[in-house]
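Below: the structure, in structure tokens.
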Amino acid sequence: MKRRHFFGATAALAMAAILGTAAMAQDKTYVIGVSIPSATHGFMGGLNWHAQQTIDRLEAAYPQLDFVLATAGEPGKQVDDIEDMLATRNIDGLVVLPFESEPLTSPVKAVKDAGKWVTVVDRGLAQEGIEDLYVAGDNTAFGRVAGEFFKGNLKSGAKIVVLRGIPTTLDNERVEAFEAALEGSGVEILDKQHGNWNRDDAFTVMQDYLSKYPQIDAVWAADDDMAVGVLEAIAQSGREKEMWVVGGAGMKEIIKRIMDKDPQLPANVTYPPALISSAIEMTALRFVSDTPVYGRFIIGSTLITPENAERFYFPDSPF
């Protein structure tokens, strides 16, 4: 009985300490900037949706937090947004998903040099060690899981083409892991070009591939928006029965076709746009609690097949 009483007293003291810390934190308002690419394609549309939902939820839960959200359609605009957040809003922290790694490195470093908290999401900067927290999907696993699927489902001598994303560190990680997973398979990569995670660009790249290569057995689109463009180009060429396509990120339309066992879409690899929610929430914890949130937070990648696709199908999602 005494033991139970002691535990209750300890719990009460702990709760009082937590409430006291929260009360102290509320004496100051913290401004957190969130800088992300605009909704130029499906994945970013989903990411923008999750970012706004998370900000709305956190502002309601924590009156001491004020968020500044800015979206950009190209690197120069994102640089301007971040410089403005620092100069005119005096942000205490920054959550940034770089449009491209190289041009965003210097302005993000300037935020860090000003003594602010920095969380980098998804696409790493060109210089290591700037950020306090890095949140991303497992880009190495994303490429490796796809490469292992190709290796296990193509015969030696098969010919494939690859569509890369925007030039970034994460794109390099994905492609290098994909190629490493294919080693020893005898599968030949005919070509690799940047489709920029954009369905129109991917359509153009795939048209070029189809005109240049009479034999293509499979396509690694490495992104579901690019996969949509690739599939349209293949359909227009009338070569649907010659090749299958693997994208990535779990777009609901793609997942539904995998559920229905569409032979053109045998598999997919997860990379959830909701990772921005994890980044914003963990950054918020930095300012409203003593929770240690620095370091690296990596979200795993899973192979989606007809056998498990239903687990990853969210019809009400924007992506």
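All figures in this text were calculated on a predicted structure; none of them were measured in a lab. Values below: every heavy atom of this structure, side chains too, minus hydrogens, waters and symmetry copies.
Hydrophobic clustering (side-chain heavy atoms under 4.5 Å, transitive across Ile, Leu, Val, Met, Phe, Trp, Tyr) keeps W49 apart from M251. Grouping the Ile, Leu, Val, Met, Phe, Trp and Tyr side chains by contacts below 4.5 angstrom, directly or via other members, places F203 apart from V219. Put simply, Y209 and I189 are part of the same group of oily side chains (I, L, V, M, F, W, Y) that touch within less than 4.5 Å, one to the next. Following chains of ILVMFWY side-chain contacts shorter than 4.5 Å, one can reach L285 starting from F297, so the two form part of one hydrophobic cluster.
In summary, D262 and K256 do not engage in a salt bridge, as defined by a charged side-chain N under 4.0 Å from a carboxylate O. The pair D217-K155 fails the salt-bridge criterion, with no side-chain N (NZ, NE, NH1 or NH2) lying under 4.0 Å from an Asp/Glu carboxylate O. E148 and R144 are joined by a salt bridge, as a carboxylate oxygen and a charged side-chain nitrogen come within less than 4.0 angstrom of each other.
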Worked check of side chain to side chain contact (heavy atoms under 4.5 Å, CB included) between V187 and F150 = CA-CA 8 Å; V187 174; F150 277 68; 5.7 Å; no
Apply side chain to side chain contact (heavy atoms under 4.5 Å, CB included) to the pair T119 and M282, showing each step before the final yes or no.
-> CA-CA 9 Å; T119 297; M282 292 175 75; over 6 Å; no
Walk me through it: do M259 and Y313 pass the test side chain to side chain contact (heavy atoms under 4.5 Å, CB included)?
-> CA-CA 9 Å; M259 287 171 58; Y313 181 56; 3.5 Å; yes
Chi angles and distances behind the side chain to side chain contact (heavy atoms under 4.5 Å, CB included) call for I255, N268 | CA-CA 8 Å; I255 300 306; N268 199 269; 4.2 Å; yes
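Nearest heavy atoms, D138 versus S301: O-OG, 3.4 Å. In terms of heavy-atom proximity, P75 sits nearest to P103 at CB-CG, 3.8 Å. Heavy atoms only, all atoms of each residue included: G238 and E240 are closest at C-OE1, 3.2 Å. When every heavy atom of I166 is checked against every heavy atom of F99, the shortest pair comes out as CG2-O, 4.1 Å. Considering every non-hydrogen atom in both R123 and M44, the closest pair reads NH2-CE, 3.1 Å. The shortest non-hydrogen separation linking F142 to T270 is CD1-O, 3.7 Å.
Enclosure of atom NZ in K109 is not indicated, since only 12 or fewer non-hydrogen atoms of other residues, nucleotides or ligands lie within 6.0 angstrom. Other residues, nucleotides and ligands place no more than 12 heavy atoms under 6.0 Å from the CD atom of E310. Crowding of Y294 atom OH: a count of heavy atoms from other residues, nucleotides or ligands under 6.0 Å not exceeding 12. Few gaps surround NZ on K212; more than 12 heavy atoms of other groups in view lie less than 6.0 Å from it.
With M206 as the partner, the side chain to side chain contact (heavy atoms under 4.5 Å, CB included) test is satisfied by one option alone out of I216, L231, V245: I216. Checked options T71, V121, V135; the residue passing with L97 is V121 (criterion: side chain to side chain contact (heavy atoms under 4.5 Å, CB included)).
Using modelled atom types and a 3.5 Å distance limit, the side chains of S35 and Q78 yield a donor-acceptor pair. Residues D56 and Q52 bring a donor and an acceptor atom of their side chains to less than 3.5 Å of each other. For the residue pair Y271/D122, the side-chain donor-acceptor check at 3.5 Å is satisfied.
To the nearest 0.5 Å, atom CG of residue L170 and atom OG1 of residue T140 are 10.0 Å apart. We find the CD-CG distance between E188 and L182 to be 11.5 Å, quoted to the nearest 0.5 Å. From D66, atom CG reaches atom CZ of R89 across 5.5 Å, with rounding to the nearest 0.5 Å. Interatomic distance, R286 CZ to T283 OG1, rounded to the nearest 0.5 Å: 10.0 Å.
Annotation: Y30 is not in aromatic contact with W117 [ring centroid separation under 6.0 Å not met]. With ring centers used as reference points, W220 lies under 6.0 Å from F178.
A distance-only check finds no donor-acceptor pair linking the side chain of D84 to the backbone of D81 [under 3.5 Å]. Remark: the backbone N or O of P167 is not paired with any side-chain donor or acceptor of D171 at under 3.5 angstrom. At distances below 3.5 Å, not a single donor-acceptor pair connects side-chain atoms of D191 with backbone N or O atoms of V161. Side chain of T169 to backbone of G124: a donor-acceptor contact under 3.5 angstrom is found. Judged purely by atom type and a 3.5 angstrom limit, D225 uses its side chain to pair as donor or acceptor with the backbone of G42. With hydrogens and angles disregarded, a donor-acceptor distance shorter than 3.5 Å links the side chain of R239 to the backbone of P214. Remark: side-chain polar atoms of K252 are not paired, donor with acceptor, to backbone N or O of F314 under 3.5 angstrom. A donor-acceptor contact shorter than 3.5 Å is absent between the side chain of E100 and the backbone of E102. Distance alone, capped at 3.5 Å, is enough to place a donor-acceptor pair between the E59 side chain and the F67 backbone.
Using a 4.5 Å heavy-atom cutoff, the side chains of I55 and I32 are not in contact. The closest side-chain heavy-atom distance from M243 to L210 is below 4.5 Å. Residues K112 and D132 meet the side-chain proximity criterion, which asks for heavy atoms closer than 4.5 Å. At least one side-chain heavy atom of T302 sits under 4.5 Å from a side-chain heavy atom of F312.
In the hydrophobic clustering (ILVMFWY side chains linked at under 4.5 Å, chained through shared members), V120 is joined by V31, V68, V79, I82, M85, L86, I91, L94, V96, L104, V108, V111, V118, L125, I130, Y134, I298.
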